[in-house]
A.B. asks: 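Mind having a look at this structure? Questions to follow.
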Amino acid sequence: MREPSEKLSQIVTPRRLRVRRLRRSELPAPTLELARFLIGKTLVRDLPAGRITGRIVETEAYPPGDAAGHAFRGETPRNLSLFLGRGHAYVYFSYGSFWLLNVSSERLGIGAGVLLRALEIVDGFNLIRGAGRKTARHPDLARGPGRLGRVLRIDKRLDGQDLCANGPLWLGTEVWPRKAVGKSVRIGISREVDRPFRFYEVGNPSVSGPLRLRT
DNA sequence: TGCACGATAATCT
DNA sequence: GATTATCGTGCAA
């Protein structure tokens, strides 16, 4: 039976989460540092019906000059948001079905970003389509960048959003202290495959990828 | 748990 | 026309 554990996790979830927006000045400037810094912080989605809050548990850095990064070949209409200076949303459509969310990094005019790969949802379960069904185990809701985008209802309209400003999507402070941060190669790329630019909270069941990349 | 595979459409060449 | 920072399913062990 899955029902009891779902109820338990709702009871365990703090009724009132204290989260405030992160100021841009709090975000480390270098892409790699930002990717590590974001582990344990929150991503908040404000919808007409309410708020969904998730702890960021997995990220990947795509620093300047990285051949695996979308900004590598220069600015285009698609990747413009990567050049807006740190703390902006870069949203793009992938594999015909998924909206993926990045946080731009570095200075205005320099293209780089951090891909948000997975969240541990901590609030707003009732707003998530599929929650409470047998197929929607809580740790899996936003496990993987495609699911993250689906759960938070990310789409092109959020591309370019300032994630440090008042708006429907923003970065927040942590809700409890994070555990150890692990480091590994990135997932799903074909260039620069050996760079250890992926970060994750060790042992967290909401982290995606094979077991060896979660522990 | 770990693979292979197909779906699916925007973007770039 | 090729590519793709993915996911869900199916099958093997």
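Below, each value reflects all heavy atoms present in this structure, side chains not excepted, and no hydrogens, waters or symmetry copies. Just so it is clear: chains get the letters A, B, ... in the order the sequence lines come, proteins before strands, and each one is counted from 1.
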A.B. asks: Taking the side chain from S105(A) and the backbone from T31(A), do they hold a donor-acceptor pair closer than 3.5 Å?
C.D. replies: no
A.B. asks: Heavy-atom nearest nucleotide on DNA chain B for K156(A) versus S97(A): which residue maps closer to 5'?
C.D. replies: S97(A)
A.B. asks: Consider the side chain of L211(A), meaning its heavy atoms from C-beta on, and name the nucleotide among dG8(C), dG2(B), dA5(C) that approaches it most closely.
C.D. replies: dG2(B)
A.B. asks: Using a 6.0 Å distance limit plus a 45 degree cone around the ring axis, check whether R186(A) lies over the aromatic ring of Y62(A).
C.D. replies: yes
A.B. asks: Between dT4(C), dG8(C), dG2(B), spot the one nearest the side chain of R150(A), thanks.
C.D. replies: dG8(C)
A.B. asks: Side chain of L100(A): nearest nucleotide among dT6(C), dC12(B), dG2(B)?
C.D. replies: dT6(C)
A.B. asks: Scan every strand shown for a Watson-Crick or G-U wobble partner of dA5(C), both distances under 3.5 Å, and answer none if you come up empty.
C.D. replies: none
A.B. asks: Taking only the side-chain heavy atoms of F93(A) (C-beta and beyond), determine which of dA9(B), dT11(B), dT6(C) contains the nearest atom.
C.D. replies: dA9(B)
A.B. asks: Using a cut-off of 4.0 Å on non-hydrogen atoms, how would the nucleic acid contact of G146(A) be classed: base, sugar-phosphate, or nothing?
C.D. replies: sugar-phosphate
A.B. asks: Counting the benzene-type ring for Trp, do H70(A) and Y92(A) have ring centres under 6.0 Å apart?
C.D. replies: yes
A.B. asks: State which of dC12(B), dT6(C), dA5(C) makes the closest approach to the side chain of Y95(A).
C.D. replies: dT6(C)
A.B. asks: Look at the side chain of F98(A) and decide which nucleotide, out of dA5(C), dC7(C), dG2(B), has an atom nearest to it.
C.D. replies: dC7(C)
A.B. asks: What nucleotide, of dT11(B), dA5(C), dG2(B), holds the atom closest to the side chain of P210(A)?
C.D. replies: dG2(B)
A.B. asks: Side chain of T76(A) only, please: which of dA5(C), dC12(B), dG2(B) is the nearest?
C.D. replies: dC12(B)
A.B. asks: S208(A) pairs by side-chain hydrogen bond (donor to acceptor under 3.5 Å, both in side chains) with which of R147(A), R117(A), R143(A)?
C.D. replies: R117(A)
A.B. asks: Can you tell me the distance, in whole Å, between the CD1 atom of I189(A) and the P atom of dT6(C)?
C.D. replies: 9 Å
A.B. asks: Could you check which of dA9(B), dT11(B), dT6(C) has an atom nearest any side-chain atom of R78(A)?
C.D. replies: dT11(B)
